[in-house]
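Below is one structure, written out as structure tokens; comments come after it.
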Amino acid sequence: MNIKVDGVVFSVEKGTRLRDILGQLKPAKTPVLAGVDGEVVGLDFRLEKDGDVHLIYSDSDEGLDILRHSASHLMAHAVLDLFPGTQVGIGPAIENGFYYDFLRETPFTPLDLETIEKKMHELADRNVPIQKIIHDKSEAVGQFKKLGQSLKVELIEEKGGESVSCYAQGGFVDFCLGPHLPSTGYIKHFKLLSVSGAYWRGDERGRQLQRIYGTVFFDKKQLADYLHLLEEAKERDHRKLGLELDLFSSCEDLGGGLILWHPKGARIRATIEQHWRERHWTGGYDILYTPHIGRASLWQTSGHLDFYKESMYSPMDIDEQDYYLKPMNCPFHIQVYKTRLRSYRDLPLRWAELGTVYRYERSGVLHGLLRVRGFTQDDAHIICTPQQIYDEILRVLDFSISLLADFGFVDNKIELSVRDPKNLAKYAGSEEMWQQAEASLVRALEARKLPYKRIEGEAVFYGPKIDIKIKDALGRLWQCTTIQFDFNMPERFDMTYVGEDNQPHRPYMVHRALLGSLERFFGILIEHYKGNFPLWLAPVQAVILPISERHEEYAVVLNKRLQERGIRSQADTRREKIGYKIRDAENQKIPLILVVGDKEVAAGTASLRVHTQGDKGQVQVVEFLDKIVDLNKNKSLTLSF
RNA sequence: GCCAGCGUAGCUCAGUCGGUAGAGCAGCUGAUUCGUAAUCAGCAGGUCGGAGGUUCGAUCCCUCUCGCUGGCUCCA
């Protein structure tokens with residue numbers, strides 16, 4: 001009898017268990033499951049006929065998906081056992097875990113989660129087989145009606161074909177395409193994480209269900225690692241660090257989603273902005289400033305009052321005219337463009353602005369610095385001729401990647417969003433423009449050999465775009481850069497330039513933000529570095545700690561020498577023991593700590609301690625100064641002495 | 001906006017089955033002059049998120065409201 005395992009043919013005896021052929025196969029890792037002719041089986045599965053086998057490993061997406069999905073069924077099983085009368089909604093595998101939605105009068109409490117978890121362990125320990133059952137539709141509907149599961153009935157009636165696939169384990173049955181584990185015994189290492197509300201089928205007018213989230217892994221260590229990652233994320237939370245390091249706050253009287261930048265946070269922001277301006281000026285951009293409010297007629301022309309009104313704040317009355325807070329900067333930049341007749345010789349124009357915009361966000365979505373109602377975009381508009389778009393896209397792509405790298409973000413994921421081919425009517429701009437724009441985006445990505453994901457239907461109505469997501473120290477992705485074509489605004493504002501042919505032409509406009517917003521980027525930066533900012537960004541770069549009062553004068557002089565070289569330095573002359581001051585400086589995450597006592601005063605040196613690295617011994621002041629000035633100027637991301 | 005949870009001193013948290021509150025850190029004052037992550041003592045600090053109701057009496061119970069948290073929805 002011949003079987004093919006992951007493409008390699010083996011000859012085995014009928015009835016051989018999969019487990020027994022692993023010796024011959026010598027896979028690099030031990031598999032947990034296998035797929036045999038489209039079914040998921042355990043390693044004890046006996047091969048009875050010729051067929052295709054593929055091995056499934058504990059850390060593969062496929063394996064985890066099956067496990068997660070089966071764990072969600074196990075959870076539903078436990079919930080129905082514990083709380084009869086509960087209705088089940090849907091329960092898929094998701095990134096990092098699973099959830100299941102339940103319809104039940106009484107809300108689940110954290111205590112209930114423990115009980116459910118215990119029940120799940122019980123059911124898993126019984127190692128109940130999970131069986132696929134094919135019903136015909138009416139039979140399935142009848143069965144779920146009898147069980148009182150009307151949500152499932154609704155789903156089957158809508159989604160089920162003539163025959164309906166269900167999975168059963170013990171007394172629990174679910175309408176589900178699978179695949180699932182062979183039995184519940186595989187589900188050992190899991191944890192239920194939280195309860196929240198979720199709308200039935202995502203419709204906010206519909207019924208609200210209770211969603212329980214959990215996570216599951218094949219082995220104990222993977223679960224422990226994941227839970228550790230969650231802890232680590234909590235430690236890095238920018239809201240916690242923002243308070244501890246005195247970077248920013250928001251307060252009730254101000255209103256949600258509005259941020260106060262404290263001196264240290266503002267220092268970092270100013271450093272970011274300074275760097276950003278330098279890079280833009282040397283990178284071929286000009287910088288604009290525009291106001292925070294504009295007349296209704298402007299927003300009428302731009303179309304924002306038609307298509308963006310829900311995100312805009314109510315108008316204010318100024319001399320009986322309506323003025324609106326700006327949710328975007330583009331109409332202002334366009335006004336600058338229109339102040340004079342533009343020639344093709346003027347293009348491309350690259351106009352950037354750190355523009356503060358205000359957008360209404362629903363109260364429930366506000367989150368620290370990451371989702372706010374007032375924020376400063378590092379915005380720019382590139383206005384160019386059709387012939388220039390490829391060069392401009394390439395340029396902005398390079399620029400963005402290099403700017404992000406300055407802050408230590410070098411691992412990116414790029415997405416290209418294009419039209420939904422099935423719904424071409426809803427887009428602004430001509431067929432030719434879309435094709436040309438998309439081609440230039442693709443060409444630029446390919447010229448730089450940047451891997452990207454093409455997503456159909458994700459483009460906004462006015463043009464295709466490239467988004468860049470950066471990966472932080474915990475491997476989490478954050479969207480920062482967006483580069484979008486806009487075929488709508490030039491039309492609405494009737495932007496033109498005079499071509500070589502002395503005729504008016506419509507320019508192309510590209511809207512781009514690289515860091516995204518300063519608030520959000522700062523939040524990401526705090527979490528990425530866990531508050532341990534690289535030297536060039538640190539609000540306080542060095543602190544001088546005199547051992548006792550008699551070393552104060554030396555410390556003050558040394559401090560002044562650092563400050564004269566442009567280092568943000570402080571002398572801590574509080575009458576405290578050195579251990580106390582060191583602890584304080586370490587907690588404040590100050591990169592460089594200089595301890596000075598009798599020895600240093602006598603030798604004219606300082607003892608250097610580097611944050612998180614410990615005591616480095618004595619350094620010569622002149623050499624040390626040269627070195628840190630250099631590290632600071634070069635915006636080094638690491639400190640080595 | 002919706003569901004659930006939370007809101008006690010600047011911060012982290014305890015507490016009151018209804019009789020107006022307590023610790024540690026931070027702060028202030030004093031002593032200590034010290035060598036690589038917390039010196040000691042004293043003091044001060046709260047209309048227990050806000051408003052209303054029930055009650056002889058509310059920080060505690062109820063209603064409303066504001067804010068925060070986790071999600072959902074949204075994210076041109």
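Quick note on labels: first sequence line is chain A, next is B, and so on, each numbered from 1.
Rounding to the nearest 0.5 Å gives a distance of 7.5 Å between CD of A/E491 and CG of A/D494. To the nearest 0.5 Å, atom CG of residue A/L515 and atom CG of residue A/D379 are 11.5 Å apart.
Residue A/E105 qualifies as open at atom CD: its count of foreign heavy atoms under 6.0 Å is 12 or below. By the 6.0 Å contact criterion, NZ on A/K413 is open, its count of non-hydrogen atoms from other residues, nucleotides or ligands being 12 or less.
A/L243 comes within 4.0 angstrom of the backbone, heavy atoms only, and of no base. Contact annotation for A/S607: base contact, defined as any heavy-atom pair under 4.0 Å involving a base atom. Nucleic acid contact class of A/D584 (heavy atoms, under 4.0 Å, all strands): none. Among the heavy atoms of the strands lying under 4.0 Å from A/I582 is at least one base atom, whether or not backbone atoms are also near. A/E600 comes within contact range of at least one nucleobase, with a heavy-atom separation under 4.0 Å.
Remark: A/Y580 is not in phosphate contact with B/U33, judged by side-chain N or O atoms under 4.0 Å from OP1 or OP2.
Between A/R201 atom CZ and B/C3 atom C1' there is a gap of 20 Å when expressed in whole angstrom units. Rounded to an integer number of Å, the gap from A/Q210 CD to B/G70 C1' is 14 Å. Distance, A/K577 NZ to B/U32 C1': 9 Å, rounded to whole Å. Separating the NZ atom of A/K581 from the C1' atom of B/A37 is a distance of 14 Å, rounded to the nearest angstrom. At whole-Å resolution of the value, CZ in A/F248 and P in B/G10 are 19 Å apart. A straight line from CD of A/E576 to P of B/C25 spans 13 Å, rounded to a whole angstrom.
Between A/F307 and A/F461, the ring planes are perpendicular. Angles over 60° get that label, and only those under 30° would be called parallel. Under the 30°/60° scheme for interplanar angles, the aromatic rings of A/F102 and A/Y100 are found to lie parallel. Between A/F522 and A/W261, the ring-plane angle classifies as parallel under the 30° and 60° cut-offs.
A/N96 and A/T215 form no side-chain donor-acceptor contact under 3.5 Å, judged by distance and modelled atom types alone. For the residue pair A/W200 and A/E154, a side-chain donor N or O sits within less than 3.5 Å of a side-chain acceptor on the partner.
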Query - Bracket string, RNA chain B, 5' to 3' - pairs by Watson-Crick or G-U geometry under 3.5 Å, | interstrand - result: (((((((..((((.....[..)))).(((((.......))))).....(((((..]....))))))))))))....
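A/E310 contributes no side-chain N or O that forms a donor-acceptor pair with the base of B/G1 under 3.5 Å. Side chain A/R609 to base B/A37: a donor-acceptor pair is found below 3.5 Å.
Here the separation of B/U73 from B/C66, taken at their P atoms, is 24 Å to the nearest Å.
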Report task. Between protein and nucleotides 71-76 of chain B, map the contacts as a letter string: B base, S sugar-phosphate only, - none, heavy atoms under 4.0 Å, written 5' to 3'. Result -> BBBBBB
